[in-house]
Amino acid sequence: MIDKRVRSLAEAVSGVRDGATVLCSGFGAVGEPVELLNALRETGVRDLVCVANNAGTGDEGLAGLIKDGRVRKIICSFPRTTDPHCFEAAYKAGKLELEIVPQGTLSERMRAAAAGIGGFFVKTAAGTQLGEGKETREIDGELYVLEQPIKGDVAFCRADRADRWGNLIYRKSARNFNPVMAMAAELTVVQVREIVELGSLDAETVVTPGIFVDRLVVV
Amino acid sequence: MIDKRVRSLAEAVSGVRDGATVLCSGFGAVGEPVELLNALRETGVRDLVCVANNAGTGDEGLAGLIKDGRVRKIICSFPRTTDPHCFEAAYKAGKLELEIVPQGTLSERMRAAAAGIGGFFVKTAAGTQLGEGKETREIDGELYVLEQPIKGDVAFCRADRADRWGNLIYRKSARNFNPVMAMAAELTVVQVREIVELGSLDAETVVTPGIFVDRLVVV
Amino acid sequence: MKPLSRRQMAWRAAQDLEDGAYVNLGIGLPTLCSDFIPQGREIVFHSENGILGMGPAPRPGEEDKDLINAGKQLVTLLPGGVFFHHNDAFLMIRGGHLDVALLGAFEVSEKGDLANWTTEDPNFPPGVGGAMDLAVGAREVRVLVEHVTKEGRPRIRKHCSYPLTAPHCVKRVYTNLAVLDVTREGVVVREMVEELDLEGLQALTEAELRLANDWRRLAAPEV
Amino acid sequence: MKPLSRRQMAWRAAQDLEDGAYVNLGIGLPTLCSDFIPQGREIVFHSENGILGMGPAPRPGEEDKDLINAGKQLVTLLPGGVFFHHNDAFLMIRGGHLDVALLGAFEVSEKGDLANWTTEDPNFPPGVGGAMDLAVGAREVRVLVEHVTKEGRPRIRKHCSYPLTAPHCVKRVYTNLAVLDVTREGVVVREMVEELDLEGLQALTEAELRLANDWRRLAAPEV
C-alpha cells in the first residue's frame, strides 16, 4: 500500500545531509513550508545551499535557518522580502553567499531538472551582468544564454490538501513555486493542512500528482 | 470587453494561409477538434504542415485534410492510429512528407516555443537514427541532442468547457496535447462543448488560462 | 511648468492599455495604474506569482493571506481570473504572451536599454525578481518613471550607467514631464506638460530628443 | 521444454513490480501485466496520454470514450488516479520519475541496446510514439518479448540489426523461455523454463549467455 504520510515533522525532515541542496518553496511567506523548515533547523544540519525566491522573512522558516548560520549559500531571485533582517545580517557579515538568478530562469532551471533537460537557451539575462560567463548563442537574430538545470537533494513544499498517494492541491497564490520544486528534487517533503481519503480529490484538479511526492505531514 | 466566442466554425477557421504550420491536437480521435479540422478542409487551404501525435483516423478531421491532399508534411510521433487509411494512401503515393519525432520531444518542442526557449538538450533520440544530424553534447557523462522549438501559425484544440475569456477545462484523457498546443501557436482556436458564464469556472482548476486562447466555438 | 503627480503618471500610462490586453504591472509606481483603467475596458492583469485576472486590494474583512501580488500586497481575483504555478507564470512572460509589461526603471537609454534591477550599492544586496524576464518577454515594454532622480540626474540617458536589465527592450517611457517613444531614430517626444518646451525637457534628459510632428500637451485630471 | 504462454510471460514480469511502484506498460504484451499484480500491492500505472493510476478495462456499460490508454484502448481510473497534459506526462517519463518501463522489443543487445520502433520495412511507415522517451527516461527499463521471432531468429543479440530506440538502457528481459539480466559482464540467465539448459538457451540466443550461480527454474501458474 502506498502511504506517504509520516507521523511527525521530525520524521518528515529526517535524512537531510550537511551540504545538501534544499529547494525551499514559497513566495515570501505565502506557500512557505515554515514548520518543515523550523523542524529542519532543529536537526542541526548545516552548510546548506538553499534555493528559494526570497531569502526568508521574519525569524522563522528559511529566515531561521539563515539566522542560525545553517545556510552556506542562497540561490534566489530577490533576497529582500518583507522583514529580511536575518538575511541582511548574515549577508553583511559575509557569512552567506548569494547567487541572484532571474525568477523565471530559477523556475525553469528547476523544471529542466524535473524534465530530464540537460540545458536550455533563453533570452533572459543575455547581454547583462547575470548572463556573463554563460555560453551564448544567436538564434533567429537574438542573443540567448545557456542555462543549466538545478536539482534539489530535497524539496520542502506546502500544499492545502493531499491524499495518501501524495496528490496535492494548493490554495490561490500559495501555489507559486510548490509544483515546480516538488518535481525537481530527489526527496520531496510536503506539509499540508489536511489529508483526505484516497479518491476524494477530483482527478481533474490535482495540481501535483503523487509521483513527485515522497513524504506528507499534516501541520 | 473580452469575448473570444465566434459564431461559426467558418469564422473560427478563417485566415489560415496556404503553407501554414498547423498544430492539430488529440491523441488518435480523443481530444481531436474534428469539426474545426473539417471546417478548415472546406476553406480550401493547402500545403499545410500539420503537427499532431498521429496522422488521422477514419475519414474526418486530420484524416480528411490528408485525404484531400491539403497536407504537404506531417510531423508526428506515430502516424498509424486506428483506421489510418487516409494517411497510408497518401504516404504510399508519395504525396505526404513524414517527419517522425519522439512523442515527448514533440510535446517539449512545442512547449519550448510557448515558453521562449530557443533550444534544449535531451537524451531522447541521442545515439539513434532520429538523433542523426542534430547537435550533440555530453552532459554529466551522457549524450544529449539539441532540439528546436516548434511554433504553430495556428493551433486547433478541443476542450470541454470554456468562458468568454478563453479559460479552458478538459475531460479525462482528452486533455492530452491540447494544453501544450494551445500555448504554442500564433493563433489558437478551440472547439468546446459548452461556454459558461464568466466566473463560473473554478479559478483553481482551469487548465488552460485564456491568455493562450484566441477564438472559441461551441460544437 | 507643472509635473504630473505619481498618481497622474499612473493615470496617463493606464490610458494606453487597450481593452482585452494582458498586462503585467511592475512593483511600485506601475501597480497604481490598475486604479485608472478607463471605464468599459477589460484588462487582464498578470502577476508573476501565478495569477491572471488580478483585482484591486481587498475590502476590509475580505483579505486572504494566500492571495498576494508580486509586490506581496494583498489583492483579489476578478471573475474569470485563474491561478497557476510559477513556471506557467513565467512561461507566459518569457514566451511572449503578455501584451504589455509596464515597469519602473533607474535608467533607460536612447536605444531602449533598461536598467532597473541594481544600483550596485555595496550596502544594498542586489535582487532581480522577474524584471529581466519581463523585459525580454513581454510583447511591449513600457516604463513609468520620474524624469529625473531626486538629485536631479536625468534617467533617460545616452547609455545606462547601471547594469542592464535587458538591452533594446523599452518602447515607451511615461515620466512626470513627458511621454517618450524609443525609436530607431532615437528618442521621440510625444507629449510634454504645459509650459515645457523641447529645450527645457532636453536640459533634463541626457539622450538627444526629437519632437514628434504631432506632439501634444501631456495633461492628466486630478486623480 | 514448455515455453510460457503470453499471459504467463506477463504474469512473470508482473511479479517483479514492487508495491508502490510507478510503472509504464508498453503497448501490446506488456499491457497484459496489469492483470497479474500480486494481491496487496498498489502499483500506479502511468500512461503517456496523461494518466496516473490507470485501472483495468471498463465493465460493459461503463465505457468512457475520453478515457483511453496509450494503446488507445478504453480504460478506467483508480481512486487516487489523476489526469494531466501530455507535456507533464513526458516530464514524468524523461525526468526519471517512473520506476519501471516495461516495453516490447524487436531486439535487445548484450549491452542493453533496445530496438523496438522500426524494422525499416519500406511498406510499413515508421512510428516511434513514446518508446525513445521511455527507454531513456525510466529508472529501470525491462523488456517483455518472445525469445525468438516467428521465423526462429534470436531477439537477444550481440548487436541490434534494427535501428536503436536507445543504447544501453535495458536491465532485464523476460522471455517465454528465460529471465535475463543485462550486466556489465554480459547477459546473465536468472531463470530458465523446465527441461531447458544453458546450451539449449544459448542456441536460441545470439548474445553470449552466462548462468547466474543462483539461477532458478522459470515457472508460472496457468493464467
Side-chain angles (χ1 to χ4, degrees), chain B residues 25-31 53-55 57 76-82 84 87-88 91-92 96 98 100-108 110-111 114-115 122-132 142-144 160 170-184 207-208, chain D residues 27 47-52 54 64-77 81-96 113-118 120 122-137 160 162-169:
Chain B
S25 189
F27 188 72
V30 173
N53 189 58
N54 309 105
T57 176
C76 69
S77 86
F78 202 84
R80 283 161 298 114
T81 186
T82 321
F87 162 73
E88 285 178 343
Y91 182 74
K92 281 181 189 163
L96 181 63
L98 172 66
I100 296 292
V101 177
Q103 199 168 142
T105 298
L106 188 69
S107 178
E108 191 71 18
M110 290 186 281
R111 181 189 178 276
V122 286
K123 283 185 281 187
T124 302
T128 77
Q129 211 178 74
L130 296 186
E132 279 170 22
E142 292 199 84
L143 197 64
Y144 285 70
D160 190 53
Y170 305 93
R171 194 167 175 281
K172 302 192 176 179
S173 68
R175 187 181 305 192
N176 58 60
F177 276 96
N178 282 293
V180 68
M181 287 187 173
M183 302 190 303
V207 174
T208 295
Chain D
I27 292 171
S47 189
E48 292 96 305
N49 55 325
I51 313 174
L52 265 178
M54 195 167 45
D64 185 326
K65 66 169 184 44
D66 282 343
L67 185 39
I68 61 168
N69 65 14
K72 299 183 174 109
Q73 301 163 304
L74 293 170
V75 292
T76 53
L77 191 76
V82 297
F83 299 112
F84 36 86
H85 57 58
H86 239 87
N87 209 260
D88 278 350
F90 279 87
L91 178 151
M92 292 175 194
I93 293 172
R94 291 150 66 114
D113 298 345
L114 172 65
N116 76 349
W117 73 282
T118 181
E120 296 194 301
N123 295 314
F124 204 66
V128 70
M132 288 189 178
D133 304 294
L134 287 162
V136 304
C160 292
Y162 294 131
L164 294 192
T165 305
H168 313 309
C169 60

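Per chain, numbering begins at 1; letters A, B, ... match sequence-line order. No experiment lies behind these values; they were computed from the predicted model shown.
For the options B:N54, B:L130, B:T82, heavy-atom pairs under 4.5 Å to chain D are most numerous at B:L130. Options D:P126, D:A166, D:A131 differ in how many heavy-atom pairs under 4.5 Å they form with chain B, and the most are formed by D:P126. Options B:K123, B:R175, B:M181 differ in how many heavy-atom pairs under 4.5 Å they form with chain D, and the most are formed by B:R175. Interface check for chain B: of the options D:N49, D:D66, D:V82, the most heavy-atom pairs under 4.5 Å are formed by D:D66. Each of D:P125, D:G127, D:P163 has some count of heavy-atom pairs under 4.5 Å with chain B, and the biggest count is that of D:P125.
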Begin from the C-alpha positions of D:T165 and B:T128 and carry the test side-chain contact (heavy atoms from CB on, under 4.5 Å) through to its verdict.
CA-CA 6 Å; D:T165 305; B:T128 77; 6.0 Å; no
Any chance you could lay out the side chain to side chain donor-acceptor pair (under 3.5 Å) test for D:K72 and B:T81, step after step, and finish with the verdict?
CA-CA 8 Å; D:K72 299 183 174 109; B:T81 186; 3.3 Å; yes
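Taking the ring centre of D:F83 as origin, the terminal cationic atom of B:R171 falls outside the region bounded by 6.0 Å and 45° from the ring axis.
In terms of heavy-atom proximity, B:P102 sits nearest to D:V128 at CA-CG1, 3.5 Å. Heavy atoms only, all atoms of each residue included: B:T105 and D:D133 are closest at N-OD1, 3.8 Å.
Looking at B:F27, both its backbone and its side chain come within 4.5 Å of chain D, counting heavy atoms on both sides. If you measure heavy-atom distances from D:D88 to chain B, you find no contacts under 4.5 Å at all. Only the side chain of D:I51 comes within contact range of chain B, with heavy atoms under 4.5 Å apart. Looking at B:N178, neither its backbone nor its side chain comes within 4.5 Å of chain D, counting heavy atoms on both sides. If you measure heavy-atom distances from B:A126 to chain D, the contacts under 4.5 Å come from the backbone alone. Contact of B:V122 with chain D is made through the side chain alone, with heavy-atom distances under 4.5 Å.
Side-chain polar atoms of B:K92 and D:N123 form no donor-acceptor pair below 3.5 angstrom.
To the nearest 0.5 Å, atom CG of residue D:L67 and atom OG of residue B:S173 are 5.5 Å apart. One finds the CD atom of B:Q103 at 6.0 Å from the CD atom of D:E48 (value rounded to the nearest 0.5 Å). B:E108 CD to D:F90 CZ: the interatomic distance, rounded to the nearest 0.5 Å, is 11.0 Å. Between atom CG of residue D:L164 and atom CD of residue B:Q129 there is a gap of 9.5 Å, rounded to the nearest 0.5 Å.
Aromatic ring centroids of D:H85 and B:Y170 lie 6.0 Å or more apart.
D:H86 and B:F177 have parallel rings, their planes meeting at less than 30° on a 0 to 90° scale where 60° marks the start of perpendicular.
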